[in-house]
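To start, the structure itself, in structure tokens.
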Amino acid sequence: MTAPEKPSLEGLEDKWASAWDAAGTYTFDRTKTREQVYAIDTPPPTVSGSLHVGHVFSYTHTDAIARFQRMRGREVFYPMGWDDNGVPTERRVQNFYGVRCDPSLPYDTEFTPPEKPAKQEIPISRQNFVELCDRLVVEDEQKFEELWRTLGLSVDWSMTYTTIGDRARRASQRAFLRMLARGEAYQSEAPTLWDVDFRMAVSQAELEDREVPSAYHAVRFAGTDGDDDIVIETTRPELIPACVALVAHPDDERYSPRFDTFVTTPLFGVRVPVLPHRLADPEKGSGIAMICTFGDTTDVVWWRELRLPTRTVLGRDGRLLPQPPDWGDTAPDAEARYAELAGKTAKQAQARIVELLDESGDLVGAAKPITHPVKFYERGDRPLEIVSSRQWYIRNGGRDPELRTAFLERGRELQWHPAHMRSRYESWVEGLNSDWLISRQRYFGVPFPLWYPLDADGEVDYAHPLAPDEARLPVDPTSDTPEGFTEDQRGKAGGFVADPDVMDTWATSSLTPEIAAGWEDDPDLFARVFPMDLRPQAFEIIRTWLFSTIVRAHFEFDALPWTDAAISGWVLDPDRKKMSKSKGNVVTPMEPIRQFGADAMRYWAASGRPGVDTAVDEGQMKVGRRLAIKILNASKFALGVIGDTDSSDGPAGFGKGSDAITEPLDRSMLASLAALVAHATTSFETYDYARALDATERFFWGFCDDYLELVKGRAYDGSDSARAALATALDTLLRLFAPHMPFVTEEVWSWWRGDGSVHRAPWPVVDELAAFASDDLAVYPAAAAVLGAVRKAKSEAKRSMRTDVTHVVVHATTELRRALEPALDDVRNGGRVVGDVEFEDGAELAVDVTLAAPEEAPEG
RNA sequence: GGGCGAUUGGCUCAGUUGGUUAGAGCGCUGCCUUCACACGGCAGAGGUCAUGGGUUCGAGUCCCGUAUCGCCCACCA
């Protein structure tokens with residue numbers, strides 16, 4: 001097969017995607033041992049969303065690394081996962097089918113969703129819900145897979161997994177049960193950050209701070225036994241009924257005389273103590289704070305350390321409870337006043353209580369507006385509250401300095417790319433203040449594989465959870481029955497109940513290496529790929545996905561889950577704003593891929609440095625397209641010059657190896673190519689795909705502009721040296737470009753290298769070019785410089801590049817002249833120098849060029 | 001409050017242990033339709049490398065400070 005007359009990029013994506021699929025080019029060979037394998041823990045995209053250019057960006061980086069490793073001879077384990085375990089999928093299934101997950105319902109084998117979703121959502125069992133999810137996800141997966149194939153990801157598509165599928169649920173439940181058995185997972189009844197809209201506990205990793213407007217209200221607490229009143233400032237006056245104490249710093253002389261005396265709360269007249277604690281900040285407000293159960297996380301610390309009572313007023317729905325807490329002695333009308341607040345949201349209650357305080361004269365001065373950071377669930381719309389509830393936790397060092405040190409140590413063991421991303425991990429681990437809360441009060445997800453016995457009175461015995469045998473996993477405790485019980489004992493005294501919660505999605509996705517590798521399900525595969533080599537991911541989920549994956553592997557295998565983590569930057573819209581759905585500035589990738597070509601899209605992505613935020617830039621895509629076209633045309637040209645061959649050696653001279661390459665210019669170019677190979681290889685080895693591409697591209701443009709021009713005359717004339725050098729260079733350059741531009745390189749490869757794929761060809765090594773490595777590097781750039789000077793002269797004279805040159809004087813150092821002379825004929829050829837070339841001494845290169853007189857334009 | 005990163009021509013960015021005259025691409029200007037490429041080629045103009053000090057024979061690069069921007073973390077009354 002030879003190059004077509006008019007090579008083109010159109011259709012290469014479809015052509016080669018199917019060809020690779022048919023040939024199994026990227027199929028994982030599971031006969032290889034762990035040492036021969038390069039395993040990648042790919043981020044499973046959320047299937048219910050849509051892919052945008054941000055995905056294209058980071059997945060392209062990973063694919064370039066995968067292709068490099070494959071060409072280096074590693075067998076690349078590169079499976080794709082689909083993340084369908086989580087709120088986005090739950091919502092999508094709900095809306096798409098008009099159903100709602102209700103775990104209390106039995107599994108209905110006959111259930112089929114209505115053609116059109118009904119107005120009223122149909123409640124279905126968790127198993128039915130998961131099945132609908134599987135069904136819907138298949139459609140999403142196909143769209144995603146099509147995009148990934150069009151982009152040229154070298155994934156083995158036979159090895160996909162989902163995060164809600166059987167394997168994932170089994171792995172997730174198994175890992176949990178083992179942690180429970182080892183004491184790494186535990187349950188606790190404790191104050192927990194709570195989202196009142198999702199009605200769900202939220203972990204530290206899902207928090208974000210938002211600056212919100214608020215106001216300080218100065219409120220008077222009455223002294224008792226003749227003491228003065230004390231004025232506190234609070235942003236949450238609605239929690240006065242939940243007040244259990246006032247607190248000031250132990251050294252604060254304004255308040256130290258009052259420690260261990262009592263004041264009474266305004267409106268309700270509840271007696272609360274004044275107490276010292278080191279966390280009270282004399283600089284804030286009036287220097288003395290009210291402690292409520294619970295206004296913020298500091299309240300929890302005070303409440304715990306000062307052993308204060310609990311007076312809960314906020315319910316899990318974010319409204320004030322119907323009844324006041326246990327207050328002891330109160331003002332006579334305390335209950336009546338509370339009744340005015342009961343049932344109101346925190347915000348409504350605040351407005352009303354401020355009015356009440358104003359009426360009672362307990363409000364001092366006007367409210368002082370401020371803005372301050374408040375904790376939100378990252379997907380939530382209202383500030384988090386703190387409620388007390390029973391939850392499951394996994395130890396993560398948040399309460400154990402020794403364990404925390406172990407995880408910091410793991411972070412240092414891991415190779416980070418770029419290296420400074422480690423500091424994000426460390427600041428997160430160092431800032432942990434609680435264990436990892438993994439239970440979620442939701443219905444869709446991986447359920448806790450646990451039941452609890454009911455005692456003779458029907459009370460739940462949480463202290464003695466019933467766990468299934470591992471062989472039964474995955475189980476759904478709401479429909480499966482614990483060993484030793486029968487289904488009719490569910491909910492009965494002496495029987496059992498299911499744990500009602502599901503696990504945090506991160507509790508499952510923290511096991512992606514184990515799930516993808518077939519942990520326990522496929523021990524043979526697992527032994528060949530785990531622990532893995534690479535975790536590629538975005539920096540904003542270092543504290544969640546990356547950290548939690550390390551936690552799980554540390555406990556289960558006493559190992560890192562991978563040796564390297566490559567952290568990608570953000571993709572910004574063309575105006576350098578972060579892309580997000582809510583801003584509506586998301587760029588969908590299919591359109592630009594069609595417009596510019598997959599290789600061009602990949603070029604844009606690969607030009608984004610590791611870990612650096614990068615703007616969507618059509619300009620870069622155009623440049624990538626131009627490069628792809630240049631590769632086609634230059635290759636076609638080079639192959640044409642080399643000439644066809646009927647020998648099995650391939651193109652003329654190629655099979656003769658380095659022996660045929662004798663001309664100093666050819667050898668110099670190949671010496672320079674050897675340096676490029678070394679540079680690109682080092683760059684890839686350190687995960688710097690961008691530097692590898694940059695260097696290769698730079699070389700390639702010089703190769704086209706200068707080398708091809710210099711040697712084409714000689715090559716046409718039949719120089720074996722030139723032809724073999726061209727073939728060697730082309731062969732090497734195609735392989736260097738292959739990880740970045742898989743389509744166009746494969747296309748050219750197919751013109752002259754038979755049936756094999758460039759993507760299974762060996763990555764170039766300096767040894768291939770060893771014969772030239774010690775040759776004079778200076779010849780090639782010297783020749784290129786003089787050729788460039790000739791071109792410049794023609795350009796400045798506004799003459800065609802075809803113009804003959806009648807005389808050239810080169811001013812150069814002896815050294816440069818020595819480098820130049822062996823290539824002089826090539827320079828004359830390339831520059832169309834028909835006259836003499838003279839040399840003069842000169843410190844710097846200068847070239848005087850005399851052009852042939854222009855032909856007289858024929859009189860018109 | 002602590003930390004990380006960034007700051008280089010109009011725009012987007014390279015610049016790897018300090019070493020001639022700081023590089024690309026886009027955009028702009030001019031020219032060339034040449035037997036690979038007009039989805040092109042060749043060439044040109046354009047930079048006090050944020051800022052103030054310091055180290056050095058020599059600093060875009062190393063050290064200290066400052067400013068601006070972005071991000072991460074933090075017990076945020």
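Labels below follow one simple rule: chain letters A, B, ... track the order of the sequence lines, proteins then strands, and each chain is numbered from 1.
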5' priority, RNA chain B, between A/Thr297 and A/Asp688 [closest heavy atom]:
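Final value for this comparison: A/Asp688.
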Can you work out whether A/Ile370 or A/Glu10 has the more 5'-proximal nearest nucleotide on RNA chain B?
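Its nucleotide being nearer the 5' end, the pick is A/Glu10.
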Check the phosphate of [N] against [X], side-chain N and O only, distance under 4.0 Å to OP1 or OP2. Yes or no?
X	N	answer
A/Arg802	B/rU34	yes
A/Tyr716	B/rA36	yes
A/Arg278	B/rC75	no
A/Arg799	B/rC31	no
A/His372	B/rA77	yes
A/Gln204	B/rC73	no
A/Arg626	B/rC26	yes
A/Lys630	B/rA36	no
A/Lys6	B/rA38	yes

The side chain of [X] is closest to which nucleotide in this list: [options]?
X	options	result
A/Asn633	B/rC37, B/rC4, B/rG25	B/rC37
A/Asp281	B/rA74, B/rC42, B/rA77	B/rA77
A/His679	B/rC73, B/rC4, B/rU16	B/rU16
A/Lys798	B/rG44, B/rC4, B/rC31	B/rC31
A/Lys792	B/rA14, B/rC75, B/rA43	B/rA43
A/Lys712	B/rA14, B/rA74, B/rA36	B/rA36
A/Leu279	B/rC75, B/rA77, B/rA36	B/rC75
A/Ser800	B/rA77, B/rC35, B/rC32	B/rC32
A/His420	B/rA74, B/rA77, B/rG5	B/rG5
A/Arg609	B/rA77, B/rA14, B/rG30	B/rA14

Looking only at atom [atom1], what distance separates [N] and [M], rounded to whole Å?
N	M	atom1	result
B/rC62	B/rG25	C1'	30 Å
B/rU51	B/rA67	P	16 Å
B/rU66	B/rU20	P	32 Å
B/rA6	B/rG46	P	30 Å
B/rA24	B/rG9	P	15 Å
B/rG19	B/rG58	P	14 Å
B/rA38	B/rU33	P	15 Å
B/rA45	B/rC26	C1'	15 Å

Sugar-phosphate only, base, or nothing, as touched by [X] at under 4.0 Å among non-hydrogen atoms:
X	value
A/Val623	sugar-phosphate
A/Ser795	base
A/Asn433	sugar-phosphate
A/Glu430	nothing
A/Arg625	base
A/Arg210	nothing
A/Gly285	nothing
A/Ala280	base
A/Asp705	sugar-phosphate
A/Cys704	base

If you draw a 6.0 Å radius around CD in A/Glu815, do more than 12 non-hydrogen atoms from other residues or ligands fall strictly inside?
no
Residues, nucleotides or ligands: over 12 heavy atoms within 6.0 Å of A/Arg304 CZ
yes
Check whether the ring centres of A/Tyr377 and A/Trp194 lie less than 6.0 Å apart, and answer yes or no.
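Judged by ring-centre distance (under 6.0 Å), A/Tyr377 and A/Trp194 do not meet the cut-off.
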With a 6.0 Å cut-off on ring centres, are A/Trp416 and A/Tyr425 close enough?
yes
Give the rounded distance in Å between these two atoms: [atom1] of [X] and [atom2] of [N].
X	N	atom1	atom2	answer
A/Leu708	B/rC35	CG	P	16 Å
A/Phe539	B/rG5	CZ	C1'	10 Å
A/Leu693	B/rG15	CG	P	13 Å
A/Glu697	B/rG25	CD	C1'	8 Å
A/Asp617	B/rC11	CG	P	14 Å
A/Trp701	B/rA43	CH2	P	12 Å
A/Leu432	B/rA74	CG	P	8 Å
A/Lys794	B/rG41	NZ	P	18 Å

Determine, for A/Glu426 against A/Arg412, whether the closest basic-nitrogen to carboxylate-oxygen distance falls under 4.0 angstrom.
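A salt bridge is present here (some side-chain N lies under 4.0 Å from a carboxylate O).
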Taking NZ, NE, NH1 and NH2 as the nitrogens, is one of them in A/Arg791 or A/Glu709 under 4.0 Å from a carboxylate oxygen of the other?
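Result for this pair is no, no salt bridge flagged.
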Assign the ring pair A/Trp752 / A/Trp749 to parallel, tilted or perpendicular, where the plane angle (0 to 90°) is split at 30° and 60°.
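Plane angle over 60°, so perpendicular.
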Dot-bracket notation for RNA chain B, counting Watson-Crick and G-U pairs under 3.5 Å, with | for partners on another strand
(((((((..((((.....[...)))).(((((.......))))).....(((((..]....))))))))))))....
Side-chain contact test, heavy atoms from C-beta onward, threshold under 4.5 Å: evaluate it for A/Val847 versus A/His811 and give yes or no.
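When only atoms from C-beta onward are counted, A/His811 and A/Val847 do not touch, as no gap falls below 4.5 Å.
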Heavy-atom check, side chain of A/Phe547 versus side chain of A/Leu432, under 4.5 Å:
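SC-SC contact between A/Phe547 and A/Leu432 confirmed.
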Checking A/Glu685 against A/Thr682: is there a side-chain donor and acceptor pair closer than 3.5 Å?
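No - no donor-acceptor pair under 3.5 Å links their side chains.
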Under a plain distance cut-off of 3.5 Å, with no hydrogens placed, do A/Tyr603 and A/Glu697 share a side-chain donor-acceptor pair?
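Yes, side-chain donor-acceptor contact under 3.5 Å.
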Candidates A/Asp296, A/Val313, A/Thr234 - the one meeting side chain to side chain contact (heavy atoms under 4.5 Å, CB included) with A/Leu239
A/Val313
